[in-house]
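See structure below.
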Amino acid sequence: MTVLIIAYLGGVLTILSPCILPILPFVFARTEGPFARSALPMLAGMAASFALVATLAAVGGSWAVRANEYGRLAAVMLLAAFGVSLISPRVAYLLARPAVDLGNRLATSAGSARSAPAIASSLVLGAATGLLWAPCAGPILGLVLTGAALQGANLETTFLLFAYAAGAATSLAVALFVGGKVFAVMKRSLGVGERIRQCVGAAVLASLAAIALGLDTGVLTQLSYASTASFEQAVLERVHERTAAGAPSKVASNDAMQLAADSKRPFRSGLPPEGRAPALNGAVEWLNSAPLTNEQLRGKVVLVNFWTYSCINCIRTIPYVRAWAEKYKDKGLVVVGVHTPEFAFEKRIDNVRQALGGFNIGYPVAIDNDYRIWRAFENSYWPAHYLIDAKGEIRYHQFGEGNYPQTEKAIQDLLREAGSETAASAPVVPDAKGAEVGPDMSNIGSGETYLGYRRAAHFASPEGLQADATYHYSFPKPNLNEWGLSGTWTIGAQQAILTQPGGGIAYRFSARDLHLVLGPGAAGKPIRFRVTIDGKDPGNDRGSDIDASGNGTVTATKLYQLVRQSADITVRNFEIRFLDRGVEAFAFTFG
């Protein structure tokens, strides 16, 4: 229920995003008829078709991508006819005549069905609008689509996407109600009803042109990235705080801890119970330790850290988790990393084992390739931290990066409650380097971008994305947050694979850091590459995985830091060219 609420609120917030603009003319075109027979069916049709298509796109194969392309084409044709009908009364009469005849026949046979054609036509127009709607993927929609990709096609996925679309329909209904009142006043006072109708028709055709040219997923998306992300993140945090076992996780203040120390009674933390901790027995293998059970951990304070090794948000939390494991290991804290993969390559245990060495992780790690521990905790985030007290109760959680001092205070709190002599102390300040350094949030204008067709967005190569087909692409001149390929590539569901040497990837971005998840492919041979920024050597703006001339080598499937701007953060053009064939490119992230 919590995730449904979050999805619904995320949909409501889309009214604040420029990505909603292309479909507004279709919605306002239904202001003339009764709400129940005109606007309501259209919004319902839009929500239903978006939920269905988004479910298939999130979990389907290349057939779903192609089917959606044909569906969008049919929707464009249908809505273009609708737009022309608003401009020309003669065209409207010709298009409406079959529906009117059908309505007359239904009325004759059933006695009362005059509203059927209006409702049916509104449903059809709404379904077509849902096919064309491409909402900007903020934190909430990203959460829903990630869950869909992990869990596959099921009713929960469809319900979440429908809840998101229903939220958007709710905010559109409010806008429609207000807009309808304004249009009605204008028609009564100015006598320009026909002109308003024609202007709406022109707006419908302009929106279709914008969608056909890709402006809805290009220019509007780049305007949208930061517009609702902060609101959505606040919704995520607020709802989870209110619904975690009926009470928010909180950390006792230093004053409260001092008061407890002065009393003769045993210390009791103010952190509320959030439920019994699930078992950790779903792992396919354990690294750095024999399998751990809840019984073995009873009497210890346990920090369960959900992560995956190519996730930049997880990587940036590792220095803190590592430091807590070292600082409190003799005080009764046990850190358990639960590695739950996002990409298929993260299921390879040798890859995870190599990553543990690279990150200097010595605490136990459970390999959760079957998502059994993930589902037992009802988790939805990378990274996620759960603190379990000495009696086996979850007492604190943290989703995502940040709040490190609060998390460490919670650790100290529960250790003292368990009888440890742990005293309040300053939070750790880990020596983070490379990709482990925290993000520059004030200058991030680009978001996570996937290169596999299942979740690809903002692809700008003029050839268009060809799913599961070997194709020769050419570099575009990308707008902000657009990317493209050059050379011969095969774009699969999760990654793009270079099939001939010399190909490259371009991205126009705005952030301090640029990372790209790359792998050497099935052959496992090192793949050489060279990075340029605005057509020049990176120099002082190089990332930790290349030299000043931009040279680097893909030796393992992992996240590579390729850019770290050293001076003022500005919009830059990034290009990477590979000297060898076979590289696999998965996702861009920024910091």
Side-chain angles (χ1 to χ4, degrees), residues 17-19 21-22 57 62 65-66 68-69 72-73 76 132-138 142 145 207-226 444-500 502-511 514-518 529 531-535 562-563 570-578 583-590:
S17 168
C19 287
L21 293 178
S62 58
V65 176
R66 295 191 182 97
N68 187 49
E69 290 175 355
R72 283 175 65 88
L73 179 60
V76 167
L132 297 181
W133 183 34
C136 303
L145 294 178
S207 294
L208 286 173
I211 290 171
L213 294 173
L215 298 180
D216 59 325
T217 56
V219 175
L220 293 179
T221 300
Q222 75 185 49
L223 294 174
S224 301
Y225 177 72
I444 292 183
S446 298
E448 187 171 25
T449 303
Y450 293 90
L451 277 63
Y453 64 72
R454 180 173 290 173
R455 285 185 281 175
H458 321 317
F459 183 70
S461 286
E463 297 79 10
L465 192 154
Q466 307 297 319
D468 285 333
T470 301
Y471 207 81
H472 189 82
Y473 297 93
S474 58
F475 272 157
K477 292 182 179 179
N479 296 312
L480 178 62
N481 295 329
E482 291 183 342
W483 63 282
L485 302 173
S486 73
T488 305
W489 294 79
T490 301
I491 301 179
Q494 290 194 337
Q495 76 270 56
I497 304 171
L498 179 64
T499 57
Q500 296 293 333
I505 308 172
Y507 197 118
R508 185 165 173 80
F509 74 101
S510 178
L514 179 146
H515 314 98
L516 182 57
V517 178
L518 298 168
F529 65 82
V531 168
T532 58
I533 304 174
D534 296 333
L562 303 177
V563 177
T570 59
V571 176
R572 310 294 291 272
N573 289 318
F574 164 86
E575 287 188 15
I576 181 171
R577 289 193 178 272
F578 300 95
V583 73
E584 296 182 340
F586 293 85
F588 283 97
T589 58
F590 302 89

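Computation of the quantities below employed the complete heavy-atom set of this structure, encompassing side-chain atoms and omitting hydrogens, waters and symmetry-equivalent molecules.
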Compare every heavy atom of Ala506 with every heavy atom of Phe475, then report the nearest pair and how far apart it is.
-> CE2-N, 3.4 Å

Check side-chain hydrogen bond (donor to acceptor under 3.5 Å, both in side chains) between Glu463 and all other residues, then give those that pass, not counting sequence neighbours.
-> Ser474

Approximate separation, where rounding is to 0.5 Å, of Phe529 CZ and Ile505 CD1 | 10.5 Å

With sequence neighbours left out, the residues meeting side-chain hydrogen bond (donor to acceptor under 3.5 Å, both in side chains) with Thr532 are none

State whether the side chain of Thr499 and the backbone N or O of Thr488 hold a donor-acceptor pair below 3.5 Å, judged by distance alone.
-> yes

Could you check if a side-chain atom of Leu451 sits within less than 4.5 angstrom of a side-chain atom of Trp489, using non-hydrogen atoms only?
-> no

Taken to the nearest 0.5 Å, the spacing of Phe588 CZ from Phe509 CZ works out to 9.5 Å

Calculate, to the nearest 0.5 Å, the distance between atoms OH and CD belonging to Tyr507 and Glu482 respectively.
-> 9.5 Å

Show me the donor-acceptor pairs within less than 3.5 Å that the side chains of residues 490-498 make with the rest of the protein, sequence neighbours left out.
| from | atom 1 | to | atom 2 | distance (Å) |
| --- | --- | --- | --- | --- |
| Thr490 | OG1 | Thr470 | OG1 | 2.8 |
| Gln494 | OE1 | Ala344 | N | 3.1 |

Identify, with sequence neighbours excluded, every residue that meets salt bridge (charged side-chain N to carboxylate O under 4.0 Å, His left out) alongside Arg577.
-> none

Residues in side-chain hydrogen bond (donor to acceptor under 3.5 Å, both in side chains) contact with Ser510, at least two apart in sequence or another chain | none

Nearest heavy-atom neighbours spanning Ala460 and Pro476 = O-CB, 3.2 Å

Identify the heavy atoms of Trp483 and Ala457 that sit nearest to each other, and give their distance.
-> NE1-O, 2.8 Å

dist Ile444:CD1 -> Thr589:OG1 (nearest 0.5 Å) comes out at 9.5 Å

Interatomic distance, CG@Leu514 vs CD1@Ile576, rounded to 0.5 Å, equals 9.0 Å

Counting only N and O atoms by type, is there a donor-acceptor contact under 3.5 Å from the side chain of Thr449 to the main-chain atoms of Gly447?
-> yes

Listed partners of Arg508 passing side chain to side chain contact (heavy atoms under 4.5 Å, CB included), at least two apart = Pro478, Val571, Asn573

CZ-OG distance between Arg572 and Ser446, expressed to the nearest 0.5 angstrom | 12.5 Å

Using ring-ring contact (aromatic ring centres under 6.0 Å, His included) as the criterion, list what pairs up with Tyr473, not counting sequence neighbours.
-> Phe459, Tyr471

Minimum heavy-atom distance Leu465-Ala456, with the two atoms named = CD1-CB, 3.8 Å

